[in-house]
Amino acid sequence: MRQRTKVFYWMALPGVLLFFAFHTVPALQGVFYSFTDSRGYGDWSFIGLQNYIALFTDPIVIGSYRFTIGFAVVATILANIVSLAVAVGLTANIRFRGFLRGVFFLPAVMATLVVGYIFNFLFANALPPVGQALGVDALSTNILGNPSLAWVGIVVVTVWQACATTIVIYMAGLQTVPEDITEAAMIDGANAWQRFWRVTFPLLAPFFTINMVLSLKNFLMVFDQIVALTAGGPGTSTMSISYLIYRNGFTGGQFAYQSANAVIYFLIIALLSIVQLRALRGREVSV
């Protein structure tokens with residue numbers, strides 16, 4: 001038994017070393033530089049908490065947090081509602097079920113930047129004529145150029161692509177729901193909605209928790225869609241935190257300042273994930 005345990009440790013050691021070298025060490029370096037005035041090169045000096053203090057008075061940083069958190073909440077809710085509805089349909093006894101499953105999973109295998117550029121073209125060239133024909137002023141121009149509507153385009157693209165993997169997780173959960181329970185509810189006179197809400201959905205609680213936590217985390221880290229669709233514009237109306245850290249940290253001479261921003265960013269994501277897990281797991285226990 002001891003010999004087998006040693007083998008497991010030796011098998012895990014290369015992965016641990018690689019993770020430490022390419023993930024943990026850079027992360028610790030980022031925390032270290034957040035207490036300096038480094039521009040990513042040249043001389044630097046310690047400045048203590050000045051970067052962190054400045055973050056809370058920077059309107060661009062505050063605006064990026066407001067946009068990112070609001071976007072993540074809206075996208076998480078929409079992605080899970082749409083995915084759960086589609087997953088229920090794809091697990092029902094319908095024609096072309098296998099083909100439809102492949103179609104709905106297709107966005108997951110497409111490159112995010114490619115998807116973003118395709119939708120960028122559609123929003124700029126295909127959608128405005130439709131909006132003009134229907135007499136809808138909001139859709140008559142490129143919504144990505146409208147500071148009030150650009151976030152809607154990003155939500156549409158992000159949710160469309162994120163639903164692919166979320167649907168698969170919900171479908172896996174629906175396969176675990178015992179048929180005899182739903183049949184018993186049907187015999188008791190429960191209609192389709194009552195069977196879903198009172199029987200099926202409570203049994204999906206673990207899968208709902210996984211999807212909610214992963215969705216919020218991924219949407220808070222939105223980056224590729226911002227690059228392909230708006231580059232943070234118009235102005236800074238769609239500036240996500242990750243894109244702000246990348247743009248100003250690597251090309252704007254704010255390496256240390258954005259390192260501090262990244263530390264705060266990490267703490268917020270970790271805190272929200274912990275809160276979600278505790279709240280949703282509490283619901284699992286009560287089911």
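Basis for what follows: all heavy atoms, side chains included, without hydrogens, waters or symmetry-related copies.
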Q: Tell me whether the rings of Tyr246 and Tyr243 are parallel (<30°), tilted (30 to 60°) or perpendicular (>60°).
A: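 It falls in the tilted class, 30° to 60°.
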Q: Please answer whether the main-chain N or O of Thr200 pairs with a side-chain N or O of Arg195 as donor and acceptor at a distance below 3.5 Å.
A: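 Side chain of Arg195 to backbone of Thr200: no pair is present.
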Q: Among Trp44, Tyr52, Phe46, exactly one meets ring-ring contact (aromatic ring centres under 6.0 Å, His included) together with Phe35. Which residue is that?
A: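 Of the listed residues Trp44, Tyr52, Phe46, the ring-ring contact (aromatic ring centres under 6.0 Å, His included) partner of Phe35 is Tyr52.
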Q: Step by step, would you call Asn51 with Tyr33 a side chain to side chain donor-acceptor pair (under 3.5 Å)?
A: CA-CA 10 Å; Asn51 287 328; Tyr33 281 116; over 6 Å; no
Q: Can you say whether the rings of Phe71 and Phe67 are parallel (under 30°), tilted (30 to 60°) or perpendicular (over 60°)?
A: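 Plane angle under 30°, so parallel.
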Q: Under the ring pair (Phe, Tyr, Trp, His ring centres under 6.0 Å) rule, collect the residues that match up with Phe56, sequence neighbours excluded.
A: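 For Phe56, no residue satisfies ring pair (Phe, Tyr, Trp, His ring centres under 6.0 Å) once neighbours in sequence are set aside.
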Q: Can you label the angle between the Phe208 ring and the Phe201 ring as parallel, tilted or perpendicular, going by 30° and 60°?
A: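 Perpendicular, since the angle between the ring planes exceeds 60°.
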Q: Under 6.0 Å between ring centres: does that hold for Trp160 and Phe119?
A: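 Under 6.0 Å, so yes.
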Q: Between Trp197 and Trp193, what is the ring plane arrangement, given parallel below 30°, perpendicular above 60°, and tilted in between?
A: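 The arrangement is parallel - the two ring planes meet at less than 30°.
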Q: Side chain to side chain contact (heavy atoms under 4.5 Å, CB included) with Ile81: which residues, sequence neighbours excluded?
A: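 For Ile81 the side chain to side chain contact (heavy atoms under 4.5 Å, CB included) partners, ignoring immediate neighbours, are Ile77.
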Q: Under the 3.5 angstrom rule, does the side chain of Thr238 hit a backbone N or O of Ala150 as a donor-acceptor pair?
A: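 No: the side chain of Thr238 does not pair with the backbone of Ala150.
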Q: Mark yes or no for whether Gln175, through its side chain, and Ala172, through its backbone, hold a donor-acceptor pair below 3.5 Å.
A: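 Side chain of Gln175 to backbone of Ala172: no pair is present.
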Q: Can you name the side chain to side chain contact (heavy atoms under 4.5 Å, CB included) partners of Met221, sequence neighbours left out?
A: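 Listed in chain order: Lys217, Tyr265, Ile269.
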Q: Is there a side-chain contact (heavy atoms from CB on, under 4.5 Å) between Ile94 and Leu100 once you walk through the steps?
A: CA-CA 10 Å; Ile94 59 175; Leu100 291 174; 4.0 Å; yes
